[in-house]
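All values below were derived from every heavy atom in this structure, side-chain atoms included, with hydrogens, water molecules and symmetry-related copies excluded. Letters A, B, ... mirror the listed sequences (proteins, then strands); counts begin at 1.
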Amino acid sequence: MQPNEHYRDILKEHLEFRKIQNTRYSLRAFARDLEIAPSNLSEILRGKQGISPQKAIQIASTLKLNKQESEYFTNLVMAHDARSKKDRNIAQRNLEKIKIFSEKKQLQEDTFKLISDWYYYAILELITTSDFKSNHKWIAKTLGLTTLEVDEAFARLLRLKLIKKTGGQYISTGIQLDTTHGVPSLSIKKFCQQILNKAMKSITDQSVDERELSTLTVAIHSEDLPVLKKKIQEFRNEFDRLIAKKLENKKANKVYCLSMQFFNLMENKND
DNA sequence: CGAGAGCGTTCAGTACATAC
DNA sequence: GTATGTACTGAACGCTCTCG
């Protein structure tokens with residue numbers, strides 16, 4: 001029995017994340033950070049080569065995985081690449097144990113991983129608009145995606161039962177996703193970075209009439225931070241309710257994104 | 001426009017663990 | 001003990017990009 005996930009995908013995800021942070025980041029740079037040869041990494045990612053248990057531990061360490069993630073990663077490697085059948089079986093059994101132990105957390109993480117790209121939410125909203133067409137080419141063009149991305153997205157959304165197809169038309173099931181709150185997972189970070197990139201693009205691509213970008217730079221006291229964060233959440237909820245009220249007697253015809261950032265501008269984050 | 005740097009990839013060779 | 005498979009290394013290739 002094969003593990004559900006391949007360690008190769010974990011490595012690819014980390015590389016992709018670093019590339020988002022730094023567009024000049026490369027496979028070679030990643031290999032340098034992991035302290036392995038670029039040729040080695042290239043072949044690992046292309047599935048032409050495996051990883052030894054020693055390397056797996058070293059990579060988990062350099063990726064700064066926590067104890068559970070590290071254990072999961074090394075067992076994934078062992079389950080695939082251990083030389084002896086005995087070691088592969090042991091690793092496989094360990095993976096089952098880890099899976100049962102963290103089943104709920106894993107489910108939430110897996111769910112968010114599937115929708116960690118910005119366009120999943122955008123597609124779900126686009127479906128509710130008046131001009132929506134259940135045509136992958138039209139959807140791809142509307143959101144600036146490739147048809148392959150749209151194909152994959154709809155396959156996942158159908159699997160997650162977030163949408164259904166009746167009479168050749170996509171319909172939202174209205175099911176809300178319970179994504180992990182406050183968990184600094186790679187998926188959530190990736191989602192936020194993609195949205196920020198979209199916001200940056202809107203500065204040059206969209207007219208002032210189409211968008212609203214505003215910034216407030218302000219000095220605060222750190223003990224007020226929880227109250228201020230709560231206020232932002234309240235505004236977001238109020239904004240959402242207002243939109244819902246406005247759409248009581250008409251259908252939406254645009255998909256917009258409201259993204260708020262409130263963050264520390266000081267390089268030294270210690271008080 | 002040429003030089004140099006960096007990129008991803010392939011390939012030959014080596015070392016070592018496992019299977020028989 | 002030997003054959004086999006494979007992780008790993010380093011050299012090299014062709015390509016792109018940047019800089020002077």
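Of the N and O atoms on the side chains of A/E149 and A/T147, not one donor lies less than 3.5 Å from an acceptor on the other residue.
Rounded to a whole Å, the CZ atom of A/R8 is 11 Å from the P atom of C/dA7. Whole-Å rounding puts the A/I44 CD1 to B/dT9 C1' distance at 14 Å. Nucleotide C/dG10 holds its P atom 13 Å from the CZ atom of A/R28, rounded to whole Å. Residue A/L45 contributes atom CG, which lies 14 Å from atom P of C/dA7 at whole-angstrom precision. Counting to the nearest Å, the P atom of B/dG8 and the CG atom of A/L27 are 5 Å from each other. When the C1' atom of C/dC8 is taken as reference, atom CG of A/D81 falls 13 Å away, rounded to whole Å.
A donor and an acceptor atom sit less than 3.5 Å apart, one in the side chain of A/S39 and one in the base of C/dG10.
The side-chain heavy atoms of A/P53 and A/T74, taken from C-beta on, include no pair separated by under 4.5 Å. Counting only heavy atoms from C-beta outward, the side chains of A/L63 and A/D33 never approach each other to under 4.5 Å.
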Test side chain to side chain contact (heavy atoms under 4.5 Å, CB included) applied to A/D81 and A/S52, step by step: CA-CA 7 Å; A/D81 295 340; A/S52 67; over 6 Å; no

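When hydrophobic clusters are built by joining Ile, Leu, Val, Met, Phe, Trp and Tyr residues whose side-chain heavy atoms come closer than 4.5 Å, directly or via intermediates, A/Y25 is grouped together with A/L45.
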If you restrict it to nitrogen or oxygen atoms, what contacts under 3.5 Å exist between nucleotides 17-20 of chain B and the protein, and what is each distance?
unit_1 : atom_1 : unit_2 : atom_2 : d
B/dA17 : O4'    : A/R83  : NH1    : 3.4
B/dA19 : OP1    : A/K85  : N      : 3.4

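In this structure, A/F30 has its ring center no closer than 6.0 Å to that of A/H14.
Note on A/S52: every side-chain N or O is 4.0 Å or more away from OP1 and OP2 of C/dA7. Side-chain N/O atoms of A/K48 include one lying less than 4.0 angstrom from OP1 or OP2 on B/dT10. Regarding contacts with the backbone of B/dG8, every side-chain N or O of A/R46 stays at 4.0 angstrom or more from both OP1 and OP2.
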